[in-house]
Amino acid sequence: MNSNRSLEILVVGILYISVFVAVVGPTLESLTGLETLSVETTRGVERTWDLVSNPQGWLLCLGYVPVHFAYLFVRARLAGESVDSYWE
């Protein structure tokens, strides 16, 4: 995988987190009452603990897995190649 493809994956991750924090997170809060993930919190270990100790943080992390693999699949198909050969 070359550096352009690595950059694409990084951009997909950043977009996913942005959309989750701005749209999906508040929607989940209003539907389920889960605490919203805040962008304006502490940094470092305390922020990481706030993320993993929060149910919405788990949804953020686990929700990225299907998004990541869907991106890899769609990107390879758009290039007209199999997923395995495209990302080697």
Side-chain angles (χ1 to χ4, degrees):
M1 181 167 32
N2 66 27
S3 63
N4 288 339
R5 291 182 185 159
S6 298
L7 183 61
E8 289 175 7
I9 292 174
L10 181 63
V11 168
V12 167
I14 291 169
L15 287 174
Y16 170 76
I17 290 171
S18 301
V19 168
F20 191 94
V21 170
V23 178
V24 177
T27 303
L28 282 174
E29 180 187 23
S30 67
L31 293 176
T32 63
L34 294 174
E35 181 183 342
T36 301
L37 296 174
S38 176
V39 186
E40 301 171 2
T41 60
T42 59
R43 301 217 183 276
V45 175
E46 188 175 344
R47 173 149 173 86
T48 304
W49 175 248
D50 288 343
L51 178 66
V52 298
S53 65
N54 187 337
Q56 202 172 39
W58 282 96
L59 292 173
L60 170 71
C61 296
L62 294 175
Y64 179 71
V65 173
V67 169
H68 180 83
F69 286 107
Y71 169 75
L72 293 177
F73 180 80
V74 168
R75 184 70 173 103
R77 292 298 174 202
L78 288 175
E81 300 180 21
S82 73
V83 176
D84 293 334
S85 67
Y86 187 77
W87 290 100
E88 289 180 354

Which pair of non-hydrogen atoms, one from A76 and one from S82, has the smallest distance, and what is that distance?
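In this case the closest contact between A76 and S82 is CB-O, 4.0 Å.
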Minimum heavy-atom separation for F20 and P26, please, with both atom names.
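The pair with the smallest heavy-atom distance is O-CD, 4.0 Å.
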To the nearest 0.5 Å, how far apart are CD1 in I9 and CD1 in I14?
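Reported to 0.5 Å precision, the distance equals 12.5 Å.
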Does any part of the side chain of I17, heavy atoms only, come nearer than 4.5 Å to the side chain of Y64, both counted from C-beta?
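Y64 vs I17: side chains apart.
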Apply the test side-chain contact (heavy atoms from CB on, under 4.5 Å) to residues E8 and Y71: give CA-CA distance (whole Å), side-chain angles for both, the deciding distance (0.1 Å), then the verdict.
CA-CA 10 Å; E8 289 175 7; Y71 169 75; 2.5 Å; yes
Would a hydrophobic clustering, with Ile, Leu, Val, Met, Phe, Trp and Tyr connected at side-chain separations under 4.5 Å, put Y16 with V65?
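Linked, Y16 and V65 end up in one cluster.
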